[in-house]
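Below is one structure; the comments refer to it alone.
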Protein chains: 2
Amino acid sequence: MTVDDRPYHHGRLREALLDAAWRSVREHGAEQLSLRELAREVGVSHAAPRRHFPDRQALLDALAIAGFERMDVELRTAVAGAGADYRDRLVAATRAYFRFAVDDPALLELMYTGKHRPGADAVVAAVAAPLGLLEAMLAEGRERGELGDGDPERIGVLMFATVHGLAAMVKGRMVDREVAGGLVDDAVVRFLTGGVPSAAGAPGAADAQGAAGGALWTCPRP
Amino acid sequence: MTVDDRPYHHGRLREALLDAAWRSVREHGAEQLSLRELAREVGVSHAAPRRHFPDRQALLDALAIAGFERMDVELRTAVAGAGADYRDRLVAATRAYFRFAVDDPALLELMYTGKHRPGADAVVAAVAAPLGLLEAMLAEGRERGELGDGDPERIGVLMFATVHGLAAMVKGRMVDREVAGGLVDDAVVRFLTGGVPSAAGAPGAADAQGAAGGALWTCPRP
DNA sequence: ACCTGAACACCGTTCAAGT
DNA sequence: ACCTGAACACCGTTCAAGT
């Protein structure tokens with residue numbers, strides 16, 4: 001894995017630590033992350049990380065910031081690749097958020113818990129980029145007359161809450177990923193068309209429900 | 001605070017530990033909880049908790065179970081005190097969940113992370129009670145014809161996602177509690193009437209928005 | 001400039017021993 | 001039956017010292 005006998009003496013330690021930390025958080029959650037284990041994994045003394053991250057929280061903050069940056073890239077890439085139609089691009093954005101949240105739930109949690117910790121200004125600043133995309137898309141929808149009589153800000157908050165909440169339910173094993181994904185698509189379309197998200201059968205959601213035909217909830221009920 | 005010189009030798013240790021743990025989690029989160037500090041606080045040796053909780057996780061699980069039980073009580077109390085009208089009772093239930101989630105976010109997180117950990121059967125079982133209430137209320141709504149043409153199961157999942165998501169946004173300081181609470185009421189009513197939750201002005205939500213008049217989001221944007 | 005090694009104060013867990 | 005005290009292996013953080 002290493003090029004020579006002293007692999008991390010030349011400025012790659014910071015990146016190597018972030019890389020190992022990301023894998024550790026992804027697999028075991030931020031709570032389990034151990035600086036000493038990270039240092040061992042990377043082949044460096046336990047005090048070495050201190051040069052790059054003053055303490056454990058600083059490393060977690062850096063990870064959270066990188067997470068928001070990656071989220072922003074993924075959202076914008078998804079929107080750019082969705083073609084010209086406004087609704088397609090909005091669906092692509094919400095799908096990308098849902099996918100990010102479901103694929104890496106521990107990172108998302110780290111991002112939000114890091115954000116509302118006092119003194120984490122850099123983390124708070126990092127959230128502005130992806131949030132700016134949502135705002136821009138809703139402003140565009142308003143201009144295009146795609147939002148009906150709805151208030152763009154209310155639509156934005158409720159859309160975020162719905163997608164975020166459905167992702168949380170998938171994380172908590174209350175609904176299957178595919179079912180929740182179908183509900184995301186459904187909800188977004190209906191937020192635009194003015195229908196209620198709860199009615200059956202939306203453009204792209206039929207197949208997600210279809211064959212299974214049974215219960216939506218996956219948790220045991222009385 | 002104590003009756004005599006040996007205050008916790010007679011079976012009250014378990015309750016005292018859970019009580020201290022609940023306060024600690026509520027204030028600093030589950031991650032920060034220290035068994036040794038708890039034992040110190042309660043006035044007992046650091047090994048004493050072991051008689052009642054085999055390890056740290058067992059104490060957290062007991063706390064999660066107690067959390068679901070308390071949630072169930074609060075939901076049912078709220079519904080019972082809301083009068084006879086179906087919609088009032090449904091709004092009362094969602095308000096109670098929102099209130100629980102916003103008032104004690106660290107406990108809620110502990111409850112859900114504890115739930116989807118392998119081997120936590122007792123925690124999984126405890127979630128059935130409050131979820132049963134939601135299911136019963138939607139079944140009643142269907143019988144009463146209050147759900148329009150919507151599928152009760154889809155309405156249930158989406159309502160849960162919306163309320164849970166809005167509570168998460170309050171926790172993350174993305175929206176104010178009052179604004180989110182107004183959106184909860186609004187969304188529930190519109191899930192029933194068949195309107196879209198995003199449109200402006202719902203029965204009980206006007207005042208929550210009103211005076212402030214400004215932005216719904218409370219986080220910095222570009 | 002970047003990393004090491006020893007030291008300090010904490011932690012969860014275990015286990016023989018006390019009452 | 002319930003609790004104590006010592007022990008073990010970990011942890012984050014600090015700091016003088018090495019290259």
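These numbers come from the heavy atoms of this one structure, side chains and all, not from hydrogens, waters or symmetry mates. Lettering of chains follows the sequences in order, A, B, ..., and the numbering in each one begins at 1.
Between D/dC10 and A/Ser34, no contact under 4.0 Å exists linking OP1 or OP2 to a side-chain N or O. Between A/His46 and D/dT13 there is no side-chain N or O to OP1 or OP2 distance below 4.0 Å. In terms of phosphate contacts, A/Arg40 brings a side-chain nitrogen or oxygen within less than 4.0 Å of OP1 or OP2 of D/dC11.
One interatomic measurement links the two molecules: CZ of A/Arg14 to C1' of C/dC2, which rounds to 15 Å at whole-angstrom precision. Atom P of nucleotide C/dG12 and atom CD of B/Gln32 are separated by 11 Å, given to the nearest angstrom. As rounded to whole Å, 9 Å separates atom P of D/dG12 from atom CD of A/Glu37. Taking atom CG of residue A/Leu35 and atom C1' of nucleotide D/dT13, one finds them 10 Å apart after rounding to whole Å. The CD-P distance, from B/Glu31 to D/dG12, rounds to 11 Å in whole Å. Distance CZ (A/Arg36) to P (C/dA7): 13 Å, rounded to an integer number of Å. If you measure from atom CG of B/Leu59 to atom P of C/dT13, you get 10 Å, rounded to the nearest angstrom.
Ring geometry for B/Tyr112 against B/His164 counts as perpendicular: the plane angle is over 60°, on a 0 to 90° scale with 30° as the lower cut.
Of all nucleotides listed (C/dT4, C/dC3, D/dC3), C/dC3 comes nearest to the side chain of A/Arg51. With C/dG5, D/dC3, C/dC3 as the choices, the nucleotide that has an atom nearest any side-chain atom of A/Leu13 turns out to be C/dC3.
Of the possible donor and acceptor atoms, none in the side chain of A/Ser24 sits under 3.5 Å from a partner among the backbone N and O of A/Ala20.
Counting only Watson-Crick or G-U wobble pairs whose defining distances are both under 3.5 Å, the stems of 3 or more consecutive pairs in DNA chain D are C:4-8 with D:12-16, C:12-16 with D:4-8.
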